[in-house]
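Have a look at the structure below, then the notes.
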There are 2 protein chains.
Amino acid sequence: MQNRDQLNEKSGDYFDRLHEQSEKEPDIRDLFSFQLQRLAGLSTRIAALSIRPKYGITPREWRVLAVLKYLGEVPLQELAKHSGLLKSQMSRTVSAMIERGYIAKTANPQDGRSILLTLSPEGLALSRSILEDSFERNEEMLATLSRAEQQILVELLRRVTRTSSKYYHELRNTASQSDLKSLEEE
Amino acid sequence: MQNRDQLNEKSGDYFDRLHEQSEKEPDIRDLFSFQLQRLAGLSTRIAALSIRPKYGITPREWRVLAVLKYLGEVPLQELAKHSGLLKSQMSRTVSAMIERGYIAKTANPQDGRSILLTLSPEGLALSRSILEDSFERNEEMLATLSRAEQQILVELLRRVTRTSSKYYHELRNTASQSDLKSLEEE
DNA sequence: TTTATTCGTTCACAATGTCAACTAATTTCT
DNA sequence: AGAAATTAGTTGACATTGTGAACGAATAAA
């Protein structure tokens, strides 16, 4: 058998068995962000496992396609914001997607610096297809929860994301007081 | 002002405004794993922002220290499993931490191949300190939720993680039928 | 109209993730 | 016991992701 660097988490043995609570010592297993990171890592691996071999596309690329799907026609910066990527990352990603014919780019008549991006028919079809697969994967991941619980989870995450985003931008601003500019936006 | 590739998500404008639900078209904004990824990304950035400048350590490194904190004394593989890293990643990370004096390594009397890892006093102190900061950051991120809601969220995530972990290993096994070995473990 | 800002591209690099090859030690099988 | 397979840890190679800065061109602000 080949020597594979597996993530030998096996049958969930390492996930959050209830541990004895030491009264004073902080424990990373109780940390929300730790749970979050671990689950997100799992989710990425699951996605890569099902999507990469089938569609020859990275998780980031299909995420961009799916975001563009609901945005319609937008400049690159806008696409980056909604995807949670830097514009430098987005520029490269979009280039690759244009090369493969999934994204079309046209000039922005309103602004000569900007470009407008849309999904090509192929991109739309691909995006739809992967998105369906993704919803199926999510079903499996969430299978342990009732419909009601799933909705609660999604709603809680939504709220936490909003709060965290605000917090993040506060941190950025206090960290680099060089650009007081950003204070203006709300 | 410097030209920084900012993630201009600004005041949460791009996060989950309720969107009109097209009846049939799947929308990535409704995808659990998408929300998860986005929030995890935010969380990482927040952590890096507060930890890196203060302690000169990467998020992954402190995560390893914190995991080792509750494990006590374990071989490398064990530490890797609990941290969600490959043993190759863990080997490198541990080397760096040993070099900086945060982790001590001794031979395993039970098994000549294996090594036993523990936190050094410095490592323990550092781990404690960062962990406290992390709990504070989490407070901020979760500030919008009531205590009860926070507990619900944590519990739901815990269950989803367990289910997802099982699902992941199933996928791996069906994907590579070369090693039927792994079927044995439950 | 000069100055500052913004859009997108590109460069350079750090961090992370993935897998295969390798050794030494251990276990399993016969 | 001895050969064969397995396992722990290290290392090499490489793909992906994340971050910040420099730059030209276009636009907005002074």
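Proteins come first, then strands; the chains are lettered A, B, ... in the order of their sequence lines, and each starts at number 1.
Residues from residues 98-114 of chain A with heavy atoms under 4.0 angstrom of DNA chain D, sorted by number: D111(A), G112(A), R113(A). Residues of residues 55-64 of chain A that place a heavy atom closer than 4.0 Å to DNA chain D, in numerical order, are T58(A), P59(A), R60(A).
Among the nucleotides dG20(D), dA20(C), dT16(D), the one closest to any side-chain atom of S88(B) is dA20(C). The side chain of R52(A) sits closest to dT16(D) out of dT10(D), dT9(C), dT16(D).
To the nearest angstrom, P of dT18(C) lies 14 Å from CG of L171(B). Look at CG on L86(B): it is 13 Å from P on dT16(C), rounded to the nearest Å. One interatomic measurement links the two molecules: CG of L49(B) to P of dT19(D), which rounds to 10 Å at whole-angstrom precision.
Applying the side-chain hydrogen bond (donor to acceptor under 3.5 Å, both in side chains) rule to E140(B) yields no partners; only residues at least two apart in sequence or on another chain are considered. Partners of S134(B) according to the side-chain hydrogen bond (donor to acceptor under 3.5 Å, both in side chains) rule, which considers only residues two or more places apart in sequence or in another chain, are R137(B). Not counting sequence neighbours, S95(A) has no partner by the side-chain hydrogen bond (donor to acceptor under 3.5 Å, both in side chains) test. The salt bridge (charged side-chain N to carboxylate O under 4.0 Å, His left out) check on K54(A) picks up D133(A), with sequence neighbours excluded. Listed by chain and residue number, N108(B) satisfy the side-chain hydrogen bond (donor to acceptor under 3.5 Å, both in side chains) test with S114(B) (two or more places apart in sequence, or in another chain). Shown here are the salt bridge (charged side-chain N to carboxylate O under 4.0 Å, His left out) partners of E139(A), two or more places apart in sequence or in another chain: R147(A). Applying the salt bridge (charged side-chain N to carboxylate O under 4.0 Å, His left out) test to E149(A) and every residue at least two apart in sequence or in another chain returns R159(B).
Across the helix from dT1(C)-dA30(D) to dT30(C)-dA1(D), the helix axis at one end is tilted relative to the axis at the other end by 30° (nearest 10 degrees, each axis from five pairs).
Taken to the nearest 0.5 Å, the CG atom of L42(B) stands 12.0 Å off from the OH atom of Y167(A).
In this model, the phosphate group of dT17(D) is not approached by any side-chain N or O of Q89(A) to a distance below 4.0 Å at OP1 or OP2.
When the nearest nucleotides of DNA chain C are assigned to V94(A) and R92(B) by heavy-atom distance, the more 5′-ward of the two goes with V94(A).
Applying the side-chain hydrogen bond (donor to acceptor under 3.5 Å, both in side chains) test to residues at least two apart or on different chains, the pairs with a partner in residues 115-128 of chain A are S120(A)-E122(A), R128(A)-E25(B). Residue pairs meeting the salt bridge (charged side-chain N to carboxylate O under 4.0 Å, His left out) criterion with at least one partner in residues 89-104 of chain A, sequence neighbours excluded, are E61(A)-R100(A).
When only modelled atom types and interatomic distance are considered, R52(A) and T58(A) share no side-chain donor-acceptor pair under 3.5 Å.
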